[in-house]
Amino acid sequence: MVEVTVAAWISHAPCLTPNSFHSISNGKSRNKTTKVVPTSTKAWKIRTAVAASSCSSSVFGSFNQTVGGQVLREGECLEKYKKEGKGKNRVFFLDVNPLCYAGNKPSLQSFGHWVSLFFSQVCLTDPVIAVFDGNNCNELRRRLLPSYKAHRRKFFPQSTISKKYVRGQVGRSQQLIMDVLRKCNVPVLKVEGNEADDVVATLVEQVLERGYHVVIASPDKDFKQLISENVQIVMPLVELKRWSFYTLKHYMAQYNCDPQSDLSLRCIMGDEVDGVPGIQHLVPGFGRRTALKLLKKHGSLENLLNAASVRTVGRQYAQEALTKYADYLRRNYEVLALRRDVDVHLQEEWLLERDTSNDANVLSNFFRLLEETNKSTRES
């Protein structure tokens with residue numbers, strides 16, 4: 001199912017009552033159909049409290065930004081960066097889920113902080129497409145590798161909280177976030193059974209085919225494999241409380257290899273955060289230095305494995321590891337590589353200039369709502 005939230009102004013003001021805000025994850029699955037979320041909704045009560053965050057709600061002020069390694073003057077927007085984009089129009093993809101956390105704690109305050117800076121200082125009037133993880137989004141990769149993001153399954157350790165109650169809280173909190181984005185004229189995508197990363201990767205190719213320049217707003221390292229001359233990342237820097245652009249130039253300076261080689265390196269060394277084990281668990285002597293040396297010579301994991309199948313490519317322990325565990329490494333690649341085949345299609349209206357006239361009012365009301373909720377929680 002592709003769930004599309006279209007931009008609209010909603011006059012109903014939601015109210016929050018004290019309880020605990022849990023997670024920005026997913027509720028029940030639905031039939032595999034395309035659903036357009038209604039453009040109006042009734043007032044609702046979200047029994048949720050905002051997780052504490054170090055971010056202040058007063059985030060409309062000016063701040064310093066890094067663009068191409070340079071710090072812009074206070075109050076200066078990103079028009080300078082935009083003019084350096086070789087004349088191409090930009091399309092932004094907003095990876096929503098990671099922005100809804102302060103550290104490991106779910107936080108509506110964190111979402112408000114980052115999205116307000118993003119609208120006022122980063123994307124400006126450029127089109128923005130917001131993407132959420134779909135229901136059961138990890139199941140495909142978990143069938144390949146059961147340990148994939150396994151530590152994220154039990155986010156609610158309290159046995160006293162029923163699953164039905166948690167799903168209700170999650171759904172209402174996510175709906176509040178979607179409404180904020182919709183009122184700010186941002187289309188919201190949520191594709192059942194697919195991670196936001198894969199939806200973005202699929203749409204990035206479609207946007208590039210139309211001649212646009214792509215900027216992905218996310219702290220997720222997986223998006224680095226998409227970096228190119230026409231695809232950049234803008235990352236939230238928590239310690240500095242600002243967004244910062246990350247380009248192919250920065251990538252090359254940091255890793256001294258192309259993005260495809262870095263993905264191959266992660267497949268060999270594993271990814272502890274995502275629960276993907278590396279080959280060193282099977283062959284302790286096969287370390288990062290060996291992997292880098294081989295990839296620098298052969299370019300990609302597939303090239304390396306193909307070469308190792310017909311001739312000697314390195315020392316005996318490396319040669320044996322590459323031939324014996326070739327399927328193991330290819331499985332890692334299938335798990336870690338972003339998919340470009342999600343059943344989602346770019347709509348022309350998503351590429352229109354974004355109307356920003358509602359931003360200040362919508363976000364001001366959102367922060368006021370959070371402050372009232374915090375006050376009510378403290379009093380109770």
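What you see is a predicted model, and the numbers here were worked out from it, not measured in a lab.
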So [Y] and [X], do their side chains get closer than 4.5 Å, heavy atoms only?
X	Y	value
His213	Val91	no
Tyr255	Lys224	yes
Thr247	Ile227	no
Glu229	Leu248	yes
Leu94	Ile129	no
Val128	Arg90	no
Lys221	Val273	yes
Ile177	Cys100	yes

For salt bridge (charged side-chain N to carboxylate O under 4.0 Å, His left out), just list the numbers for Glu372 and Lys375, CA-CA rounded to whole Å, side-chain angles, deciding distance to a tenth of an Å, and then say yes or no.
-> CA-CA 5 Å; Glu372 292 172 356; Lys375 181 178 178 181; over 6 Å; no

On a heavy-atom basis, which atom in [X] and which in [Y] lie closest, and how many Å separate them?
X	Y	result
Phe93	Val204	CE1-CG2, 3.9 Å
Leu301	Leu329	CD2-O, 3.6 Å
Leu322	Leu305	O-CD2, 3.6 Å
Thr312	Gln319	CA-OE1, 3.3 Å
Asp220	Ser218	N-OG, 3.0 Å
Asp95	Leu99	O-CG, 3.6 Å

With no hydrogens and no angle check, just 3.5 Å: does a side-chain donor-acceptor pair link [X] and [Y]?
X	Y	value
Tyr317	Thr290	yes
Ser110	His113	no
Ser300	Asn303	yes
Asn365	Arg368	yes

Show your working on salt bridge (charged side-chain N to carboxylate O under 4.0 Å, His left out) between Glu334 and Arg339 and close with a plain yes or no.
-> CA-CA 9 Å; Glu334 191 171 355; Arg339 293 171 49 218; over 6 Å; no

Is the centre of the Phe118 ring less than 6.0 Å from the centre of the Phe92 ring?
->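 So the answer is yes for these two rings.
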
Does any N or O in the side chain of [X] come within less than 3.5 Å of the main-chain N or O of [Y], such that one atom is a donor and the other an acceptor?
X	Y	result
Gln121	Phe119	no
Tyr333	Ile268	no
Glu272	Pro277	no
Asp271	Asp274	yes
Arg340	Val200	no
Ser261	Gly299	yes
Gln225	Leu336	yes
Asn194	Cys137	no

Treat each ILVMFWY residue as a node, draw an edge where side-chain heavy atoms are under 4.5 Å apart, and state whether Leu338 and Leu140 are in one component.
->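 Unlinked, Leu338 and Leu140 end up in two clusters.
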
Please round to the nearest 0.5 Å and tell me the distance separating atom CG of Leu176 and atom CG of Leu181.
->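 Nearest 0.5 Å value for the CG-CG distance: 10.0 Å.
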
To the nearest 0.5 angstrom, please state how far the CG atom of Leu117 sits from the SG atom of Cys123.
->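 Here the interatomic distance stands at 11.0 Å.
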
side-chain contact (heavy atoms from CB on, under 4.5 Å) assessment of Met178 paired with Phe132 | CA-CA 9 Å; Met178 286 183 172; Phe132 284 79; 3.9 Å; yes

Indicate every side-chain donor-acceptor pair of residues 279-289 with a distance under 3.5 Å to a residue at least two apart or in another chain.
unit_1, atom_1, unit_2, atom_2, d
Gln280, NE2, Met269, O, 2.9

Please assess Val131 against Asn97 for the test side-chain contact (heavy atoms from CB on, under 4.5 Å), listing each intermediate value before the final yes or no.
-> CA-CA 8 Å; Val131 185; Asn97 290 77; over 6 Å; no

CZ/Arg315: more than 12 non-hydrogen atoms of other groups inside 6.0 Å |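 Counting neighbours around CZ of Arg315, 12 or fewer heavy atoms of other residues, nucleotides or ligands fall under 6.0 Å, so no.
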
When you check the gap from the basic side-chain N to the acidic O, do Lys296 and Asp258 get nearer than 4.0 Å?
->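 Result for this pair is no, no salt bridge flagged.
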
Sidechain N-carboxylate O distance under 4.0 Å for Asp222, Arg266 =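 Salt bridge between Asp222 and Arg266, a charged N being under 4.0 Å from a carboxylate O: yes.
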
Intermediate values then yes/no, side-chain contact (heavy atoms from CB on, under 4.5 Å), Arg141 and Arg143 | CA-CA 5 Å; Arg141 287 182 169 89; Arg143 285 198 292 268; over 6 Å; no

Show the atom names and distances, to 0.1 Å, of all donor-acceptor pairs under 3.5 Å that link a side chain in residues 348-356 to residues at least two apart or in another chain.
unit_1, atom_1, unit_2, atom_2, d
Glu348, OE2, Arg210, NE, 3.0
Glu348, OE2, Arg210, NH2, 3.3
Arg354, NH1, Cys184, O, 2.9
Arg354, NH1, Asp359, OD1, 3.0
Arg354, NH1, Asp359, OD2, 3.0
Arg354, NH2, Leu124, O, 3.1
Arg354, NH2, Asp359, OD2, 2.9
Asp355, OD1, Ser357, N, 3.0
Asp355, OD1, Ser357, OG, 2.8
Asp355, OD2, Ser357, OG, 3.3

Is the Tyr246 ring parallel, tilted or perpendicular to the Tyr251 ring (thresholds 30°, 60°)?
->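 Geometry flag for Tyr251 against Tyr246: perpendicular rings.
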
Test log, rule side-chain contact (heavy atoms from CB on, under 4.5 Å), inputs Trp243 and Leu237 | CA-CA 6 Å; Trp243 291 88; Leu237 301 182; over 6 Å; no

